[in-house]
Amino acid sequence: MSKDYNNFDYLSVSVKSDQLSRILQCYRVLGWTEVKTEDDKRYYDMSYVRLRRPHKIPNKDRLQYLQVRMESAINSLVEIVGRAHVKSTAVISVLVIIFLVCTGLAAWQFLSLNQAYSQVYGWICAVVACASALAACIAGACLRRRERRAAADKISARLKLMQSLIAEAKLLVPQPQNEEEERAGEVNNG
């Protein structure tokens with residue numbers, strides 16, 4: 001397919017397959033039409049989409065600005081989901097390491113040395129191991145719940161921002177009323 005750079009702008013994006021329809025909706029509102037979609041040959045959950053939009057459209061600068069903000073919001077959603085439990089995972093990991101080390105020390109103290117103070121150290125290590133296991137469970141429950149709530153609030157804010165951007169873009173780009181108008185526009189443009 002040869003590209004007509006005098007009359008159209010072109011864009012290629014890579015998208016998680018489960019988010020493809022949502023992302024395409026955002027780009028369609030900004031005046032882009034889908035030219036081709038391909039699934040990734042290596043990763044089953046990725047798709048590549050080629051889009052185009054008429055080069056000369058009204059409000060192009062504002063649409064570009066809205067597109068940058070929308071792409072930024074989409075990328076921040078991915079980041080929020082990916083980093084939702086970083087702190088709790090770190091705390092739980094440290095507590096589990098403490099548990100494992102203390103359990104090993106307690107076993108070593110109980111089994112290898114027969115002196116009275118080694119029994120005391122063994123019990124101290126066993127208590128610390130139990131305390132760290134309990135702390136890991138509590139931290140897992142409390143911190144994860146708090147992080148989940150914070151992530152949900154951030155996601156909600158980004159989705160509201162995206163909806164406001166979509167609403168503004170709909171005012172700037174005349175949208176086809178039905179599929180026949182959309183196909184007619186593609187035939188005339190293509």
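FYI, side chains are in, hydrogens and waters are out, and symmetry mates aren't considered; it's all heavy atoms of this structure.
Legend: residues meeting side chain to side chain contact (heavy atoms under 4.5 Å, CB included) with Asp45, ordered by chain and number and at least two apart, are Lys16, Tyr43. In this structure, the side chain to side chain donor-acceptor pair (under 3.5 Å) partners of Gln67, at least two apart in sequence or on a different chain, are Trp32, Glu71. Evaluation of the salt bridge (charged side-chain N to carboxylate O under 4.0 Å, His left out) rule for Arg144 yields no partner, not counting sequence neighbours.
The two residues Arg53 and Gly31 make their nearest non-hydrogen contact at CG-O, 3.4 Å. Scanning both residues, Ser132 and Ile98, for their nearest heavy atoms gives CB-CG2, 3.8 Å. Nearest approach of Cys26 to Ile166, heavy atoms of both residues: SG-CD1, 4.0 Å. A pairwise comparison of heavy atoms in Gly122 and Phe110 identifies C-CZ, 3.4 Å as the closest pair. The two residues Leu95 and Ala139 come nearest to each other via the heavy atoms CD1-CB, 4.3 Å.
Residue pairs satisfying the ring-ring contact (aromatic ring centres under 6.0 Å, His included) criterion with at least one member in residues 134-157, sequence neighbours excluded, are absent.
Screening Val13, Val15, Ile23 against Ile74 for a side chain to side chain contact (heavy atoms under 4.5 Å, CB included) leaves a single residue, Ile23. When the options Leu172, Leu51, Leu63, Leu165 are evaluated for a side chain to side chain contact (heavy atoms under 4.5 Å, CB included) with Leu30, the one that passes is Leu63.
Hydrophobic clustering (ILVMFWY, side-chain heavy atoms < 4.5 Å, transitive): Val94 and Val128 are in one cluster. When hydrophobic clusters are built by joining Ile, Leu, Val, Met, Phe, Trp and Tyr residues whose side-chain heavy atoms come closer than 4.5 Å, directly or via intermediates, Ile57 is grouped together with Tyr27. Note on Leu11 and Val29: same hydrophobic cluster, where clusters join Ile, Leu, Val, Met, Phe, Trp and Tyr whose side-chain heavy atoms are under 4.5 Å apart, directly or indirectly. Placement of Met70 and Leu20 within a single hydrophobic cluster is found when ILVMFWY residues are connected by side-chain heavy-atom separations under 4.5 Å, directly or transitively. Criterion: ILVMFWY side-chain heavy atoms under 4.5 Å apart, direct or through other members. Under it, Trp108 and Val127 are not part of a common hydrophobic cluster.
By the neighbour-count criterion of 12 heavy atoms within 6.0 Å, atom NZ of Lys87 is sparsely surrounded, having that number or fewer from other residues, nucleotides or ligands.
Taking the ring axis of Phe8 as reference, the NZ or CZ atom of Arg52 stays within 45° of it and closer than 6.0 Å to the ring centre.
Here the straight-line distance linking atom OG of Ser17 with atom OH of Tyr48 works out to 9.5 Å at 0.5 Å rounding. In this structure, CG in Asp4 is found 5.5 Å from OH in Tyr10, a value given to the nearest 0.5 Å. Note that OG of Ser14 and CE of Met46 are 4.0 Å apart. Values are rounded to the nearest 0.5 Å.
A 4.5 Å side-chain heavy-atom check between Val120 and Ile124 finds at least one atom pair inside the cut-off.
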Could you walk me through whether Lys60 and Asp9 satisfy the salt bridge (Lys or Arg N to Asp or Glu O under 4.0 Å) test, starting with their C-alpha distance in whole Å, then the side-chain angles of each, then the deciding distance to 0.1 Å, before giving a yes or no?
CA-CA 11 Å; Lys60 185 173 184 175; Asp9 295 328; 2.5 Å; yes
Glu34 vs Leu24, side-chain contact (heavy atoms from CB on, under 4.5 Å): CA-CA, chis, key distance, verdict
CA-CA 8 Å; Glu34 181 181 351; Leu24 283 177; 3.3 Å; yes
Derivation of the side-chain contact (heavy atoms from CB on, under 4.5 Å) call for Lys36 and Val49
CA-CA 6 Å; Lys36 187 176 183 182; Val49 182; over 6 Å; no
Steps toward salt bridge (Lys or Arg N to Asp or Glu O under 4.0 Å) verdict (Glu168, Arg62)
CA-CA 10 Å; Glu168 183 177 348; Arg62 185 65 183 171; 2.6 Å; yes
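Gln25 and Arg28 share no side-chain donor-acceptor pair at under 3.5 Å. Using a 3.5 Å distance cut-off with no hydrogens or angles, the side chains of Ser47 and Thr37 do not pair a donor with an acceptor.
A salt bridge between Arg149 and Glu147 is absent, with no side-chain N of the basic residue lying under 4.0 Å from a carboxylate O of the acidic one.
Here the side chain of Ser72 pairs no donor or acceptor atom with the backbone of Val68 at under 3.5 angstrom.
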Side-chain polar contacts of residues 151-163 - donor-acceptor pairs under 3.5 angstrom, sequence neighbours left out - could you list them?
from   : atom 1 : to    : atom 2 : distance (Å)
Arg158 : NE     : Ser76 : OG     : 3.0

Output a table of donor-acceptor pairs, distance under 3.5 Å, between side-chain atoms of residues 99-107 and any protein atom two or more places apart or on a different chain; print 'none' if there are none.
from   : atom 1 : to    : atom 2 : distance (Å)
Thr103 : OG1    : Phe99 : O      : 2.7

